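In listed order, ligands and their atoms are each counted from 1. Quick caveat: nothing in here was measured; it's all calculated off a predicted structure.
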Amino acid sequence: MNQKYLAFVPFIIGVYLLLISLHLIKYNNFIIFITIIFIALLILIYKLNLNNRIEKIMLKSVITNSIYEIEIDNQKYYFIGFRIIGKENNEGKIDYNSELQLAIDTIRRNKERHLKIAIVTLLDPSPGSAIIFYAKKDNDYESFRNETILTKNMIESIAPHITLEPVELKTDTVFPIPKLLGSVSYGGYVGQMKYDIKANRVVIGEYDIELGNIIDATELPVGIRSNDVFRHIGIFGSTGSGKSNTAAIIADELYKKGFDVIILDWHGEYKNLLPKFNLYNNKNYLVLNPINMDDLTTMDITELIGDVLELTEPQKFILYLGLEALNQMKEFSFKSLLQIISANIPDNTYMQRDIKFALIRKIIMIFSGLGEKLFSSESGYTYLDLGEKLRGGNIIDLSFIRNIKLRKLYGLMILKFLLEYVIETKNRDRKIFIIIEEAQNYFSQVNTVINRALQEIRKFNVGLCIISQSPSNVDQEVIKNTSIKIIHSIKSNVDKKVIADSISLEKEEIQILDKLDVGEALLVAPNLRKETLIKVKKVA
Ligand SMILES: Nc1ncnc2c1ncn2[C@@H]1O[C@H](COP(=O)(O)OP(=O)(O)OP(=O)(O)O)[C@@H](O)[C@H]1O
């Protein structure tokens with residue numbers, strides 16, 4: 001209720017007293033009675049905020065009368081159109097467009113929104129704009145109307161010089177548009193203010209692998225340099241944020257440039273993304289022969305198996321002795337390993353016996369069945385064979401290995417074989433790129449074998465791509481050692497903190513991380529002067 005209504009009260013009393021003093025009316029009880037009733041009514045209206053309520057009821061009924069039900073492509077929608085009217089006042093020139101832009105950006109960032117919003121700007125017959133709210137009819141009418149009122153009020157409060165007036169829609173056009181347009185012509189750019197990143201903060205360097213476009217008004221293409229992949233890549237993000245798609249784009253580009261690409265595909269997602277690549281899966285798996293290496297590697301294999309099976313130091317020692325004995329015999333299968341451990345390793349004391357049987361129990365758990373088929377000294381690839389075999393583009397689908405420990409061991413073994421191959425052959429002509437999905441399964445804090453191998457391959461043309469949905473479970477040194485980081489949407493605060501610390505993000509950028517849409521990412525790369533928000537393109 002406005003103050004102006006209250007001002008009437010003293011005014012009326014004043015006029016009344018004046019009329020009495022001029023003897024124009026008689027001082028009688030009836031007039032006093034009427035005046036008191038009138039004043040009481042005004043106070044009542046003020047107290048109950050009736051005016052506001054009346055306005056609300058009127059707005060609700062106007063909105064209700066302006067909502068259309070329209071069918072497009074067999075789908076029913078609610079539609080409502082408003083013309084955008086600029087309020088005139090005496091404050092001088094008003095920048096209606098900036099006000100409107102601010103309101104639009106605020107509404108766009110509202111992730112809870114169900115309303116879709118369109119703005120129509122027409123040049124003829126006279127320039128003007130209208131705003132349209134619409135939603136699929138699956139949402140109920142009440143919530144569409146309520147959200148419409150809420151959004152209209154929100155726009156008008158963020159843009160105080162703008163009024164949205166409901167108008168009739170033309171429904172014979174492709175998209176329903178208002179019959180009348182308002183005086184304000186909207187000429188803004190909707191993508192411009194996304195995440196408040198301003199265009200001039202980004203400096204694009206050269207690149208030969210295009211990833212997508214910068215998220216700002218320029219939408220310039222952006223990418224990374226193939227030479228930088230040897231300093232490794234980290235791709236992080238919650239599930240479904242677009243990590244595999246991004247990795248597939250890079251894999252495809254590198255493959256076209258002559259790199260040998262090997263993907264350790266934990267969930268079996270890459271077959272459809274990269275159909276031209278060789279696929280190794282349950283019908284066509286690679287059998288590995290983990291013996292025939294020098295002593296150091298026997299120790300490494302012990303470490304790998306020890307890590308996966310969570311062996312104690314004494315158990316690892318017995319395993320090492322068993323592997324050594326197998327190495328001498330030039331024969332390898334887990335059956336033979338078990339036989340050697342059972343028959344040849346002494347178990348004179350209770351303690352020795354306990355250690356031995358605990359080890360055998362753990363080995364049997366993962367190497368019976370499929371485990372026995374994946375490793376063999378007769379038909380398996382040595383690390384040299386494997387390195388030669390995996391030329392071109394290769395997807396190693398690990399998802400058919402149900403036992404997670406075995407899947408981890410097999411993946412780790414392939415990785416170790418490849419790194420060993422590179423170190424042994426010292427072949428600098430080959431460029432190799434290895435993608436490791438769900439890297440937290442391989443690069444946990446305790447896994448020293450792979451971390452050591454990573455240090456050793458620095459000199460060679462090998463690039464690793466570490467992908468993880470939970471970077472807080474990956475050894476922080478490994479994350480630090482990736483020079484290119486592509487960070488998709490991250491929801492968990494712990495993971496956000498780990499990433500923020502590794503690239504020293506500003507506070508506002510950390511806040512952005514959980515708001516990114518699918519395919520959007522923060523890119524940190526040596527060819528860019530500053531971390532840059534990008535929208536990654538979809539793999540072809
Ligand atoms: N840049 C993009 N543009 C449009 N859609 C995308 C983009 N990236 C991914 N998508 C889509 O989003 C979905 C999830 O993508 P993707 O599998 O790459 O995510 P992810 O992070 O690897 O998920 P997960 O961790 O579950 O494997 C897919 O349907 C994919 O087609």
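- Considering backbone and side-chain N/O atoms, E269 comes within less than 3.5 Å of an N/O atom of ligand 1.
- Under the side chain to side chain contact (heavy atoms under 4.5 Å, CB included) rule, F79 has a single partner from T171, I72, I67, which is I72.
- Nearest protein heavy-atom neighbour of atom 25 (O) of ligand 1: K243 NZ, 2.8 Å.
- Using a 4.0 Å heavy-atom cutoff, H488 is absent from the residues neighbouring ligand 1.
- Which parts of ligand 1 touch K537 is read off a 4.0 Å heavy-atom cut-off, strictly below it: atoms 1 (N).
- Residues D514 and I490 have side chains not in contact (no heavy-atom distance under 4.5 Å, counting atoms from C-beta outward).
- A heavy-atom separation below 4.0 Å is found between S238 and ligand 1.
- Within the 4.5 Å cutoff, the side chain of I467 has no heavy atoms near those of the I436 side chain.
- When distances from atom 29 (O) of ligand 1 to the protein are checked, no heavy atom turns up under 4.0 Å.
- Among the atoms of H267, none of the N or O lies under 3.5 angstrom from an N or O of ligand 1.
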- Evaluate the ring pair (Phe, Tyr, Trp, His ring centres under 6.0 Å) criterion for residues F230 and F460: first the C-alpha distance (whole Å), next the side-chain angles of each, then the deciding distance (0.1 Å), finally the verdict. CA-CA 8 Å; F230 301 126; F460 306 102; over 10 Å; no
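- Rounded to the nearest 0.5 angstrom, I395 CD1 and L279 CG are separated by 5.5 Å.
- Using a 4.0 Å heavy-atom cutoff, G240 is listed among the residues neighbouring ligand 1.
- A salt bridge links D260 with R430: the distance from a Lys NZ or Arg NE/NH1/NH2 to an Asp or Glu carboxylate oxygen falls below 4.0 Å.
- Remark: minimum distance from atom 1 (N) of ligand 1 to any protein heavy atom is reached at V536 O, 2.7 Å.
- The single protein non-hydrogen atom nearest to atom 19 (O) of ligand 1 is G242 N, 3.0 Å, given as residue, atom name and distance.
- Contact analysis leaves Q469 out of contact with ligand 1, as no non-hydrogen atom separation drops below 4.0 angstrom.
- Each of V222, V518, T246, N213 was checked for a side chain to side chain contact (heavy atoms under 4.5 Å, CB included) with V536, and the lone residue meeting it is T246.
- Distances between N or O atoms of V518 and those of ligand 1 include no value under 3.5 Å.
- Only the side chain of K535 comes within 4.0 Å of ligand 1, counting heavy atoms alone; its backbone N, CA, C and O stay farther away.
- Between E437 and ligand 1, no N or O atom pair is found at a separation short of 3.5 Å.
- A salt bridge is defined here as a Lys NZ or Arg NE, NH1 or NH2 lying under 4.0 Å from an Asp or Glu carboxylate O, and K316 with E303 meets this definition.
- Salt bridge absent: E206 and R225 never bring a charged side-chain N and a carboxylate O closer than 4.0 Å.
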